[in-house]
Amino acid sequence: MKLKSKMTIATITVLLGALCAGTIAAEDKYAVKVPGGLAFSEFRGYEGWQVIALSRNDKLVAVILGNPAMIEAYKAGIPGNGKPFPDGARMAKVHWNPKQSDFFPTTTVPGTLHDVDFMVKDSKRFADDGGWGYAAFKYDEASDAFTPFTTEDHPPQSNDAKCGAACHTIAKAKDYVFTDYGKR
C-alpha cells in the first residue's frame, strides 16, 4: 500500500474516532441522575423547548424553557386560573455565567454554561411535594460533563427529587412555579 493511501486511511480513522468520541460525550449527559431522584434523560430534547421567560441575578443569566404540555398549560391560563399544571409538564432552567457582548458593550449575553435545573409535574410520583420533582445538574467545562448538585453547592441540593421543594413552597399558590409566562 502506498504511503499516501496509508496516510488517508489513518486520517479518516482519527477523524471518525474523534467524531464518535464527541457523540459519546454529548450522550453522556443523559446518563446522569440525581441519586434517588430525577435523571437527565427524563428531559431529553429540552434544548428545543419553547422559552417561558428569561431570568437574571447578579451572578447568572438564565432561560426558562417548557415542554409542550407546560406551554399549553400556560396558554390555558394556568396557574393564574387556580388550576394546577398537568402531569407531564416539564421545565428546564439553563444558567450561564454572564459576559459582555462583543458587539454591544452595555449588553449582557450568555457566557460559559453553569448548570441546568429541571422540574417535572408527576402528582403520583411526587405526591408529598405538591406533585413536583426537581433536579439540578452543574456543568464542568473542562470535562464537558454534568454532575448532580450536592449539599456542598449553592444553593445546597439533597440527593433526591425533593431538592427544590423547600424553596418552591413560597409559590404554593401558583402550583409551586415561580415563573410567569410573559405576554407575546
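We number each residue from 1, following the sequence as shown.
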Do [X] and [Y] have side-chain heavy atoms sitting under 4.5 Å apart?
X	Y	result
S123	W132	no
H168	M119	yes
P84	K121	yes

Query raised in the report: Are F137 and F146 close enough that their ring centers fall under 6.0 Å?
Result: no
Which pair of non-hydrogen atoms, one from [X] and one from [Y], has the smallest distance, and what is that distance?
X	Y	result
V34	A135	CG2-CB, 3.8 Å
P98	T108	CB-CG2, 3.4 Å
F85	K174	CE1-O, 4.1 Å
P86	A69	CG-O, 4.3 Å
F40	K29	CB-O, 3.0 Å
V32	T147	CG1-CA, 4.2 Å

For [X], what residues pass the side chain to side chain contact (heavy atoms under 4.5 Å, CB included) criterion, not counting sequence neighbours?
X	value
V51	V63, L65, R184
N57	K59, L60
A171	F178

Backbone N or O of [Y] within a donor-acceptor pair of the [X] side chain at under 3.5 Å?
X	Y	result
R90	Y46	no
D28	A145	no
N67	G88	yes
E42	A39	yes
D175	V177	no
H95	H114	no

Would you compute the distance between atom [atom1] of [X] and atom [atom2] of [Y] and round it to the nearest 0.5 angstrom?
X	Y	atom1	atom2	answer
Y181	I64	OH	CD1	13.0 Å
D87	K124	CG	NZ	7.0 Å
Y139	D144	OH	CG	3.5 Å

Query raised in the report: Checking ring-ring contact (aromatic ring centres under 6.0 Å, His included) against F118, which of F149, W49, F43 comes through?
Result: F43
Report summary line: Tested for side-chain contact (heavy atoms from CB on, under 4.5 Å) against E141, the lone hit among T112, L113, N97 is T112
